[in-house]
Undergrad: 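To start, I am sharing the structure in question, which I have written as structure tokens.
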Amino acid sequence: MAGSDHGHTPAAWTGVTISFIGFCVAGAFMVAANPLGFWAGIAVVLLGGVVGAGMKLAGLGQKPTPELDRAREEAARADHTPETAHAGAR
């Protein structure tokens with residue numbers, strides 16, 4: 001995975017940046033004992049996730065690659081092997 005570009009997209013950077021700003025705002029208002037400001041910061045954190053998801057839907061997220069498709073197929077096969085199917089029944 002070291003060679004992948006996981007997360008290095010405009011959608012990821014924008015969403016994380018907005019969420020980080022909201023985290024800082026919420027932390028500052030928590031220290032200042034201001035509940036309204038704290039919850040406003042939490043709202044900004046959630047807004048970062050919404051903006052990142054919207055940008056991904058707009059095509060600014062990670063593009064599917066053959067390697068990613070292959071990894072998803074392998075993970076799906078590993079989840080449906082007989083050995084793991086009965087692991088939760090114990």
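Just so it is clear, the values below take in all heavy atoms, side chains as well, and ignore hydrogens, waters and symmetry mates.
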Undergrad: Would you name the heavy atoms of Gly49 and Ser19 that are closest together and state the gap between them?
TA: N-OG, 3.9 Å
Undergrad: Tell me, please, which residues at least two apart from Leu47 pass side-chain contact (heavy atoms from CB on, under 4.5 Å).
TA: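 Checked Leu47 against side-chain contact (heavy atoms from CB on, under 4.5 Å); matches are Val51.
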Undergrad: Can you name the closest pair of heavy atoms from Gly22 and Val45 and give their distance?
TA: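 That closest heavy-atom pairing would be C-CG2, 3.5 Å.
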Undergrad: Rounded to the nearest 0.5 Å, what's the gap from NZ on Lys56 to OG1 on Thr9? Could you check?
TA: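 Going from the NZ atom of Lys56 to the OG1 atom of Thr9 covers 8.5 Å.
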Undergrad: List the residues meeting side-chain contact (heavy atoms from CB on, under 4.5 Å) with Glu73, not counting sequence neighbours, and say none if there are none.
TA: Arg77
Undergrad: Is it the case that more than 12 heavy atoms not belonging to Phe23 sit under 6.0 Å from its CZ atom?
TA: no
Undergrad: For residues 25-37, which side-chain donor-acceptor pairs fall under 3.5 Å, sequence neighbours excluded?
TA:
unit_1: Asn34; atom_1: OD1; unit_2: Leu36; atom_2: N; d: 3.2
unit_1: Asn34; atom_1: OD1; unit_2: Gly37; atom_2: N; d: 3.1

Undergrad: side-chain contact (heavy atoms from CB on, under 4.5 Å) with Val44: which residues, sequence neighbours excluded?
TA: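 For Val44 the side-chain contact (heavy atoms from CB on, under 4.5 Å) partners, ignoring immediate neighbours, are Ile18.
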